[in-house]
Amino acid sequence: MARKYSLEKKAEADDSLLERLNPAQREAASHFEGPLLILAGAGSGKTRVMTHRIAWLISNKGVHPEEILAMTFTNKACHEMRERVDGLLEDQRASERVTISTFHSLCARLLRLHARKINLSADFVIYDDADQTSLIRRVMEDNDRGSERSEARRLRGFIEKMKNDALTPHQAHEQAFDGATEQDVDFYEAYQTQLRASNCVDFGDLILGVLEIFRLHPDLASSYSRQWRFVMVDEFQDTNAAQYELLKHLTCEHTNLAVVGDDDQAIYRWRGATVANILGFEEGFPTAKVVKLEQNYRSSQVILDAANDVIQLNWRRREKKLWTERQGGEPITYFTASDDREEAQFVAQRIFEMARDGLEYSSFAVFYRTNAQGRAFEEQLRFHGSPYQVVGGVSFYAREEVKDVLAYLKIALNPTNEVDLLRVINKPTRGVGKSTIDKLRVAGVFGQVEGLWGAVGYAVNDEPNTGPAPMQHGWLPGMGPGGALIDPALADVAGLKGRSLKGIREFHDLVVFVQDSLRASSSLAQTVQGLLERTRFFEWLLTSDPERAEDRQQNVAELVNAIAEFEKEWFPDPGERTKEPRAQRILRAFLDRSALIQSTDNLDERGAVTLMTVHGSKGLEFDTVFLVGMEEEIFPSIRDNDPDELDEERRLAYVAITRAERKLFITNAQRRRVYGTIRNTAPSRFVLDIEPERLKVDPRSSSRFVDFARPTYSNQRERWQKDLVAVGTKEWEFDQSPETRKGSIGKALDQLRARNSDDEFSQLTPWEDLPAAAAPENVHDVSHWGVDAGDPDDLTGKTVTHAKFGIGKVKAVSGKGDEAKLTIRFPTVGEKKIVRRFVRIL
DNA sequence: GGTGTTTTGGTTTTT
DNA sequence: CCAAAACACC
């Protein structure tokens with residue numbers, strides 16, 4: 001077969017393509033056939049290597065673009081890779097023909113193509129987590145397994161685990177599991193049966209479904225394997241057993257599998273990922289070549305050293321040491337606040353100052369362990385007027401109102417999808433309550449109709465006015481019009497009347513209306529618009545929850561927008577003639593995309609501080625990073641009850657630290673509100689693991705908890721054992737007595753105090769203005785950073801800020817000094833009398 | 001069947 | 001403390 005692409009580029013292509021890579025990168029990028037493991041440390045240019053290898057295979061080895069498959073975990077990584085391959089290849093069309101995809105969207109495509117091989121129809125709908133949970137709860141009810149939330153959670157976890165481990169219910173029955181009973185496996189089977197009956201799949205099924213197909217039809221796997229002669233995988237450390245098996249199928253005809261990953265950055269163990277895949281890669285692929293990328297192009301030496309201090313204590317890892325040409329660097333600033341609020345104040349204050357001195361807001365990021373911690377930082381940033389964006393949280397497509405609209409569309413496509421049907425059968429409220437729904441469900445399960453939709457059809461069919469219902473699903477001959485009963489299970493449904501029946505009819509006709517519209521209309525956006533009008537959706541949002549109505553209406557409007565845009569981008573020709581109605585085709589494509597997309601994928605706002613969890617930060621980099629809430633029981637999390645999980649927390653800390661390019665702040669608080677109660681905290685062991693000389697303690701720190709001893713381990717095994725003990729007894733304690741402060745951060749603070757005046761911090765804030773050991777009731781007071789100037793008492797007309805009410809103007813003053821009472825006018829709440837020490841004068 | 005009120009329980013979350 | 005879900009009430 002002719003290999004055109006090599007002819008177009010001359011020998012010089014070889015050099016020009018790879019010459020900008022370092023030797024290790026070049027070795028990896030120019031690896032041709034056979035398995036390859038690239039151990040790529042943080043910031044060592046792994047995407048660069050992958051994209052160059054793709055380009056190199058095409059232009060220097062004559063590989064056809066169609067023969068290359070590159071897999072990522074996120075859409076974002078996928079887009080980035082495609083863009084960069086684009087940039088490297090002269091032939092634009094060549095790069096388009098490379099398959100670059102996330103695991104899940106590739107599998108969704110394969111599953112659609114071959115759905116029938118495992119008793120699915122090609123219009124299956126993809127359930128998200130919420131849908132999955134609601135199905136689980138229903139199956140629990142149907143099987144008398146109670147309805148406790150925690151039990152539902154546990155079962156969901158179990159099912160997810162089975163799927164991550166690539167086990168079908170049948171296989172699960174053959175294996176014994178710790179903590180799982182025979183009933184759990186039975187439940188898994190029942191759930192799976194229900195899922196298939198609804199013609200739906202969950203996320204786990206996307207992979208497992210394809211595995212089932214490949215297991216049943218090895219020839220099919222072979223043919224794909226022959227098509228994709230070169231397979232590449234990004235973030236390989238986060239693959240689970242199912243994804244690993246998928247890769248095995250895809251490489252059954254060759255062993256050209258190149259994986260890139262970093263075992264030190266494996267942070268999705270709780271999601272079923274297994275580091276064993278990367279640690280034991282050579283066992284699965286014995287002839288594998290291993291290349292280590294250890295030169296870091298992102299961070300300063302100080303930051304890398306700190307990261308290394310933390311990660312080197314892990315027990316099982318591939319030894320590597322990152323290095324950089326950027327020697328030295330700014331020391332890491334360590335700050336301990338007296339409470340969580342002060343911690344946030346500190347961060348917001350530093351950002352404010354640095355932004356004032358010329359740094360872009362977008363060069364800052366705040367990383368926390370749990371989403372709940374983000375609020376305090378939002379508040380303080382808002383108080384300073386600094387723009388910020390919170391990444392993560394509820395995805396756009398997971399919003400209630402958005403899901404409601406999509407539910408109607410999904411039902412129109414596939415009415416057997418009962419989760420969505422139950423979701424909106426009474427939305428907007430139309431008189432279909434619990435008892436009516438129960439009747440329908442009983443009929444759907446035991447009656448001679450097919451499922452819920454069948455029952456709905458039956459209920460509305462005996463009314464002469466509506467005419468025959470479209471019974472693609474579930475109408476049986478012999479079940480006469482006019483309510484001629486032949487089945488006792490349907491009696492209750494046939495007996496429905498009044499408001500309930502009217503409501504059911506309304507719902508039924510609505511779905512039919514959408515179905516008709518999908519067939520007739522050339523525009524999906526138009527169909528949705530019609531649906532919204534007919535249901536008076538916006539009105540309903542307003543009346544049902546006026547508080548949040550505006551927001552929610554906006555979200556729905558946003559959805560219509562997204563659909564219209566999607567339509568324009570992917571289906572630009574409205575007159576196009578196809579077998580399937582146009583709107584329906586668009587809907588199918590749109591649903592897949594919305595199921596597999598994450599809200600964080602396209603939210604790359606410029607000019608704002610980024611707030612996110614440490615998990616969210618993987619793969620990103622920022623000039624200045626604030627790693628906050630570094631306390632025992634938060635980071636590492638209190639939930640971690642075995643050493644493997646602690647190792648993962650350590651990796652998580654490593655990921656966070658290595659995101660910083662130039663400057664890293666580490667902060668914590670000595671007291672923190674946890675679920676409403678105030679708890680004392682201890683500094684995270686990960687902070688203590690960093691060599692003290694790399695940390696510069698900010699002198700504004702609350703001193704009490706800065707004075708602690710650094711635990712020393714003679715080796716990794718000891719560290720591991722200490723973690724074990726600590727975890728076992730939950731009594732990890734740091735000796736805080738002065739005598740035992742050897743090499744401690746406390747000592748560093750002492751030295752700092754001795755040096756006092758010429759310290760860089762004393763220029764930021766005069767030593768005198770530092771909060772002296774603040775009395776507890778002063779903790780929420782921001783005034784200790786306020787600096788008085790001019791006549792200290794006449795404040796009339798001055799602009800002030802208050803932690804709660806924001807910016808206001810002083811109208812009148814009575815009294816003197818800190819206790820003076822100010823009458824302040826706030827635009828938000830009007831006039832308030834406030835004691836002076838609670839406001840800050842601008 | 002629709003609505004307020006009490007109770008419960010609470011990581012991380014690429015798809 | 002705060003949001004979702006179960007519960008009680010109109």
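Just so we're on the same page: letters track the sequence lines, and every chain starts at 1. All of these numbers come straight from a predicted model, not from anything done at the bench.
- Between A:Thr72 and B:dT14, a side-chain N or O to OP1/OP2 separation shorter than 4.0 Å is absent.
- Distances were taken from every side-chain heavy atom of A:Phe73 (C-beta onward) to each of B:dT12, B:dG2, B:dT14; the shortest belongs to B:dT14.
- Residue A:Asn75 places at least one side-chain N or O closer than 4.0 Å to OP1 or OP2 of B:dT15.
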Intra- and inter-strand pairs of DNA chain B in dot-bracket (Watson-Crick or G-U wobble, both distances under 3.5 Å; | for another strand): ||||||||||.....
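- For A:Trp270 and B:dT12, the ring-to-base geometry satisfies the stacking test (centroid distance below 5.5 Å, interplanar angle below 30°).
- Comparing B:dT13, B:dT15, B:dT11 by their nearest atom to the side chain of A:Thr74 picks out B:dT15.
- Of the candidates B:dT11, B:dT12, B:dG1, B:dT12 carries the atom nearest the A:Thr613 side chain, counting heavy atoms from C-beta on.
- For A:Arg149, the side-chain atoms get nearest to B:dT8 when compared with the rest of B:dT11, B:dT14, B:dT8.
- Across all strands shown, A:Asp128 has no heavy atoms under 4.0 Å from either base or sugar-phosphate atoms.
- Counting atom types as modelled, A:Arg369 pairs a side-chain N or O with a base atom of B:dT12 as donor and acceptor under 3.5 Å.
- In this structure, A:Ala344 and A:Phe377 approach most closely via the heavy-atom pair CA-CE2, 3.5 Å.
- Chain A approaches DNA chain C within less than 4.0 angstrom (heavy atoms of the protein), and the contacting nucleotides run 5' to 3' from C:dC1 to C:dA6.
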